[in-house]
Number of protein chains: 2
Amino acid sequence: MANIRDVAKQAGVSVTTVSRVLNDHPYVTEEKRLAVEKAMEELGYYQNINAIHLSKGETRLIGVAVPFINHSYFSTLLNGIADQALVRDYNLVFYQTNYQEQEERKALEALKRKQVDGLLILSRASGWEAVDEYQEFGPIVVCESSNHTRIPCVSVDHYEAFRFGMRYMIQKGHRHIGYCIGRMNGTNSNLREMAYCEELEFIEEPYRKDWVFNNCLTIEDGKRVANEYMSLEERPSALLITSDQVAAGFRMEAEKQGIRVPADVAILGFDNHPIAEALDLTTIELPLHEVGMSLVEKVSSKNPTSAIYPFELVERGSV
Amino acid sequence: MANIRDVAKQAGVSVTTVSRVLNDHPYVTEEKRLAVEKAMEELGYYQNINAIHLSKGETRLIGVAVPFINHSYFSTLLNGIADQALVRDYNLVFYQTNYQEQEERKALEALKRKQVDGLLILSRASGWEAVDEYQEFGPIVVCESSNHTRIPCVSVDHYEAFRFGMRYMIQKGHRHIGYCIGRMNGTNSNLREMAYCEELEFIEEPYRKDWVFNNCLTIEDGKRVANEYMSLEERPSALLITSDQVAAGFRMEAEKQGIRVPADVAILGFDNHPIAEALDLTTIELPLHEVGMSLVEKVSSKNPTSAIYPFELVERGSV
DNA sequence: TTGTATGCGTTATCAT
DNA sequence: ATGATAACGCATACAA
């Protein structure tokens with residue numbers, strides 16, 4: 001592979017001049033520029049990007065740590081991230097963490113070792129301290145409802161969204177309300193739990209453990225919940241469900257088994273994924289594509305700030 | 001940022017020795033190793049990965065060009081790719097091309113400029129020549145049914161899968177068969193078209209342009225097709241549909257409008273996505289996760305070969 | 001077992 | 001307007 005020195009020699013100029021034409025710098029005569037271009041052509045020259053990275057100390061790469069990709073919540077975020085990265089001329093390197101701290105650490109190390117200029121964490125298993133520890137090595141933005149003052153977060157306010165959903169159900173006359181959650185111990189899940197408990201307290205209803213369904217991420221999980229729901233002695237009349245995917249699985253399975261939505265049980269999803277419209281699911285729309293774009297904006301600034309995006313109720317026929 | 005020379009000086013050894021302990025090379029006394037480790041600790045040293053890349057001439061990065069990510073076909077492939085990349089200690093850089101030749105070119109250029117050691121193309125708008133042109137710069141594997149002898153392909157045999165689907169419908173007594181396609185001019189779409197025409201000829205039925213539905217990628221597209229279907233003067237009794245997503249949209253909308261599946265129209269999806277089970281969709285299962293893993297295996301070998309993965313009929317209640 | 005010197009390919013500083 | 005030279009940080013052939 002021909003390098004910049006070969007080109008310089010071939011063109012009868014210095015490497016500096018070659019570098020100048022490469023980077024469209026001023027102060028190079030048309031004559032020399034042509035000579036350089038001719039030499040590049042002849043030698044089949046192209047720049048080695050690693051050398052540029054080393055020399056410049058930046059890679060125009062943004063790392064994205066995501067638990068798994070084949071999940072509409074994350075892939076929608078990623079779509080927004082990719083769109084904005086394109087605009088800002090960044091490329092993306094992708095770390096599938098599967099909620100393993102060890103894999104999240106790899107992404108953080110990549111930032112430290114200058115593989116990427118910044119890091120986006122879409123969800124995490126590691127504690128805040130682990131993340132905080134790496135902030136000195138470059139901008140990090142987390143996609144979570146912010147309650148950490150030192151780490152920039154861009155997200156929807158999951159706490160408020162969930163509380164809004166609860167109040168909506170209450171206003172519709174429901175008092176026996178259950179809910180589904182993605183995984184225990186996630187930040188967003190904790191916020192939902194908190195909102196749930198507070199609203200329950202508000203209407204003076206007890207917390208019933210068997211009305212809380214854990215590990216709900218996929219359509220299949222929704223089906224599973226439907227079956228668990230049916231085997232309940234006492235059933236809630238309303239359910240707030242992790243996502244539209246899970247809500248869809250729930251609705252399809254429940255109706256197959258003769259449960260009527262919303263007559264027997266009202267359900268509310270989150271995201272406003274196309275599947276929600278197809279299944280006539282009332283849902284709380286989260287602007288995930290926008291959040292994704294915002295994440296890239298934030299991480300590409302020297303001092304990222306936090307931002308919270310609004311949600312919106314989309315009323316359909318499941319409540 | 002402390003570099004390897006600083007560590008060497010601090011430890012009172014040469015850079016070579018430091019490099020040796022960094023890379024677990026033999027021939028370094030325990031004493032010096034300790035001194036080096038101590039120095040690294042004191043200076044807060046860590047390796048700069050770009051320097052390693054430049055020096056070694058490899059990045060352990062694999063590029064993945066994908067039209068868009070928020071689509072279950074691609075995100076399932078990507079999930080397999082990421083899983084296998086993890087095993088083989090590769091990271092992934094992600095190029096969202098949106099079927100723009102210009103963006104695909106960027107991914108190819110990244111290979112040429114040594115940003116990535118190999119490139120995976122999940123689907124493309126560019127011609128074979130454009131891809132072929134870059135093969136000299138590193139391994140490229142395309143996720144398509146192979147008919148190009150020079151470019152390695154790993155995929156499901158979409159032609160055979162579609163033909164199999166046609167024969168299945170025919171065997172079920174259908175003679176008026178239509179189909180949905182993702183986009184015209186895609187390799188896989190062309191193969192499906194070919195299989196469709198051949199089987200039509202086989203049963204001596206005419207090709208009816210209004211029974212072929214283009215641009216079908218999402219649930220919404222399925223709904224649209226259902227409406228187009230209903231406005232048809234003469235309707236086919238069976239439909240082969242791009243993917244389970246589209247088939248799901250079709251079924252939901254059609255049934256909402258009083259069309260019975262499979263009594264009025266039999267439908268067959270592809271992929272065996274969870275939504276297919278939820279909606280009782282007969283489908284042709286494609287081992288996309290495996291294909292994804294295989295893509296990484298192939299691209300990480302010096303001379304990638306092609307491979308075709310088998311499909312499997314999953315009979316449910318939509319045919 | 002250890003160190004010296006050179007290569008990797010580019011950008012940036014500074015002098016001219 | 002142009003060029004010599006020093007970074008950038010690491011790996012490695014070769015010598016010792």
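No experiment lies behind these values; they were computed from the predicted model shown.
Put simply, NE2 on A/His25 is 15 Å from P on D/dT2, counting in whole angstrom units. Atom CE of A/Met1 is separated from atom P of C/dT10 by 5 Å (rounded to the nearest Å). If you take CG of B/Leu43 and P of D/dC10, they are 12 Å apart, rounded to a whole angstrom. Summarising the geometry, the separation between CD1 on A/Ile4 and P on C/dG9 is reported as 11 Å, rounded to the nearest angstrom. Distance, B/Leu22 CG to D/dA11 P: 6 Å, rounded to whole Å. Nucleotide C/dT10 holds its C1' atom 13 Å from the CG atom of A/Asp6, rounded to whole Å. Distance CZ (A/Arg113) to C1' (D/dC10): 11 Å, rounded to an integer number of Å. In this structure, A/Glu30 places its CD atom 11 Å from P of D/dT2, rounding to the nearest Å.
Between D/dA4, C/dG9, D/dG9, one nucleotide has an atom nearer to the side chain of A/Ala51 than all others, and that is C/dG9.
Judged as a side chain to side chain donor-acceptor pair (under 3.5 Å), and not counting sequence neighbours, the contacts of B/Tyr309 are B/Ser294. By the side-chain contact (heavy atoms from CB on, under 4.5 Å) test, A/Ala35 is found to be paired with A/Ala11, residues two or more places apart in sequence or in another chain being considered. Listed by chain and number, the residues in a side-chain contact (heavy atoms from CB on, under 4.5 Å) with B/Thr187 are B/Arg124, B/Glu144, B/Leu191 (sequence neighbours excluded). Residues meeting the side-chain contact (heavy atoms from CB on, under 4.5 Å) test with A/Pro304, sequence neighbours left out: A/Pro139, A/Val141, A/Pro152, A/Lys298, A/Ser301. Qualifying side-chain contact (heavy atoms from CB on, under 4.5 Å) partners for B/Asn3, counting only residues two or more places apart in sequence or in other chains: B/Arg5, B/Asp6.
Note on A/Thr17: only backbone sugar-phosphate atoms sit closer than 4.0 angstrom, heavy atoms only; bases stay farther off. Residue B/Leu54 is in base contact, counting any heavy-atom pair closer than 4.0 Å across all strands shown. Residue contacts for B/Val18: at a heavy-atom cut-off of 4.0 Å it reaches no nucleic acid atom on any strand shown. The residue A/Asn23 sits close only to the backbone: its heavy atoms come under 4.0 Å of sugar-phosphate atoms, none of a base.
Between the side chain of B/Thr16 and the base of D/dA11, no donor-acceptor pair of N or O atoms lies under 3.5 Å. In terms of polar N and O atoms assigned as donor or acceptor, the side chain of B/Ser55 comes within less than 3.5 Å of the base of C/dG7 in a complementary pairing. Checked by distance alone, B/Arg20 brings a side-chain donor or acceptor within 3.5 Å of a matching partner on the base of C/dG3.
Considering only side-chain N and O atoms, B/Lys32 lies under 4.0 angstrom from the phosphate OP1 or OP2 of C/dG3. Between A/Ser19 and C/dT11 there is a side-chain polar atom (N or O) within less than 4.0 angstrom of OP1 or OP2. For D/dT2, the OP1/OP2 oxygens have a side-chain nitrogen or oxygen of A/Thr29 closer than 4.0 Å. For B/Tyr45, a side-chain nitrogen or oxygen approaches OP1 or OP2 of D/dC10 to under 4.0 Å.
Nucleotides of DNA chain C nearest to B/Gly12 and A/Ile52 differ in position, and the one nearer the 5' end is that of B/Gly12. For the pair B/Asn48 and A/Glu31, both in contact range of DNA chain D, the more 5′-proximal nearest nucleotide belongs to A/Glu31. Residues A/Arg5 and A/Val28 each lie close to DNA chain D; by heavy-atom proximity, the contact nearer the 5' end of the strand is made by A/Val28.
Taking the six-membered ring where the residue is Trp, B/Phe94 and A/Phe94 present tilted rings, their angle falling between 30° and 60°.
A donor-acceptor contact shorter than 3.5 Å is absent between the side chain of A/Glu104 and the backbone of A/Ala130.
Looking at A/Met1 and A/Tyr46, their side chains come closer than 4.5 Å, going by heavy atoms from C-beta outward.
Summary for the helix from C/dT1-D/dA16 to C/dT16-D/dA1: the axes at its two ends, each from 5 pairs, differ by 40° when rounded to the nearest 10 degrees.
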